There are 2 protein chains.
Amino acid sequence: MDKQEGTATLLRNSGVTIAGNEELKGDRKLQEIFNNANTIANEICPVGDVIARISDKWSILSIYALGAYGKLRFSELIHKIDGISHRMLTVTLRNLEGDGFIKRTVHAEVPPRVDYELTELGHSLMQQLSGIIGWAEANGAEILAFRNKKG
Amino acid sequence: MDKQEGTATLLRNSGVTIAGNEELKGDRKLQEIFNNANTIANEICPVGDVIARISDKWSILSIYALGAYGKLRFSELIHKIDGISHRMLTVTLRNLEGDGFIKRTVHAEVPPRVDYELTELGHSLMQQLSGIIGWAEANGAEILAFRNKKG
DNA sequence: CCGGATCCGATAAGATACTG
DNA sequence: CAGTATCTTATCGGATCCGG
């Protein structure tokens, strides 16, 4: 279930070069980043792993909900995020907490009360997600139209 | 399973108010977008659906590869994207093509040659992904450190 | 009210072999 | 080379019961 990689030795990728591709479009910077994010970095700095973790529907919506509302309890989250199940919210929140995106605060009271909120890291991720969701909102209609057109 | 949009009447969310949340942080705009992206929009403009589609590891890497290199054949893609299987690349490309993100060009020659490249829509998505991947690259180390620290 | 644990069906995804 | 079909395995996700 969990992938443990210990040693890391991060950011040792100075001499990044790309295979054989002379017919470029001049986006060498993008290509470096891609290579870095893909082949090489998967071992030393698992960008692919990070992407896989945050590119989950429930994670995105959870982060986004917390970003929009600031601080929510479990029951509030499950109400905000349409369609999420009890279990998936639990799993998602635990993952996000484990990666340092959200902070979980337990108030030892009766009835129990647990608050979730974004960490700094979570907020920085929120910035990116904001862009994606905004884009999806702006282009969703076009995508749908395209899908239907070619049935 | 399939949600048909039909009437649409998008962006009719002027009077969007949230349940019981007076302790806001002033991000009413974000909350509107969230609501729109989540509950409401899932029926008329499936932002959640779009998110689910593009928030796939292989989709992201495929788009990104095509964005970075401009135009690639099947075999080039499978070589660029580390770890993707023959089958998953096929499936991913089909989906992306079906949503209008990439264009597939078949050259009727021997040996067969098929090129893939981003559409305009694909390029606009690429902008967003660029932000995400850049973020993942910048913060990957921190995330890893956090994961290991609390192992 | 929060959430952990378990069972189990549905789906995704890798490996492999085959077609044009 | 590009793509399909099938088989098998791994993971996801819902339902439910339980405990703090």
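Basis for what follows: all heavy atoms, side chains included, without hydrogens, waters or symmetry-related copies. Chain letters run A, B, ... following the sequence lines, proteins first and then strands; every chain starts at 1. Source: prediction; values computed, not measured.
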Just how far, in rounded Å, is [atom2] of [N] from [atom1] of [X]?
X	N	atom1	atom2	result
Glu97(A)	dC2(C)	CD	P	15 Å
Leu89(A)	dA15(D)	CG	P	15 Å
Leu72(B)	dC1(D)	CG	P	15 Å
Arg94(A)	dC2(C)	CZ	C1'	12 Å
Asn95(B)	dT11(C)	CG	C1'	14 Å
Asp115(B)	dG3(D)	CG	C1'	15 Å
Met88(A)	dC12(D)	CE	P	7 Å
Ile84(B)	dG14(C)	CD1	P	8 Å

Side chain proximity check, [X] to [Y], heavy atoms < 4.5 angstrom:
X	Y	result
Asp115(B)	Arg113(B)	yes
Leu89(B)	Trp58(B)	no
Leu66(B)	Met126(B)	no
Phe101(A)	Leu121(A)	yes

> Looking at Ile60(A) and Ile54(A), what are the two nearest heavy atoms and their distance?
Replying inline: CG1-O, 3.3 Å

Please state whether the phosphate of [N], meaning OP1 or OP2, lies under 4.0 angstrom from any side-chain nitrogen or oxygen of [X].
X	N	value
Arg87(A)	dG4(C)	no
Ser75(B)	dA2(D)	yes
Tyr116(A)	dG3(C)	yes
Arg104(B)	dA2(D)	no
Ser85(B)	dG14(C)	yes
Arg73(A)	dC1(C)	no

> Any donor-acceptor pair under 3.5 Å joining the side chain of His86(B) to the base of dG3(D)?
Replying inline: yes

>> Quick check on DNA chain C: between Asp56(B) and Val106(A), whose nearest nucleotide comes earlier from the 5' end?
In response: Val106(A)

> Which sits closer to the 5' end of DNA chain C, Val91(A) or Pro112(A), going by the nucleotide each is nearest to?
Replying inline: Pro112(A)

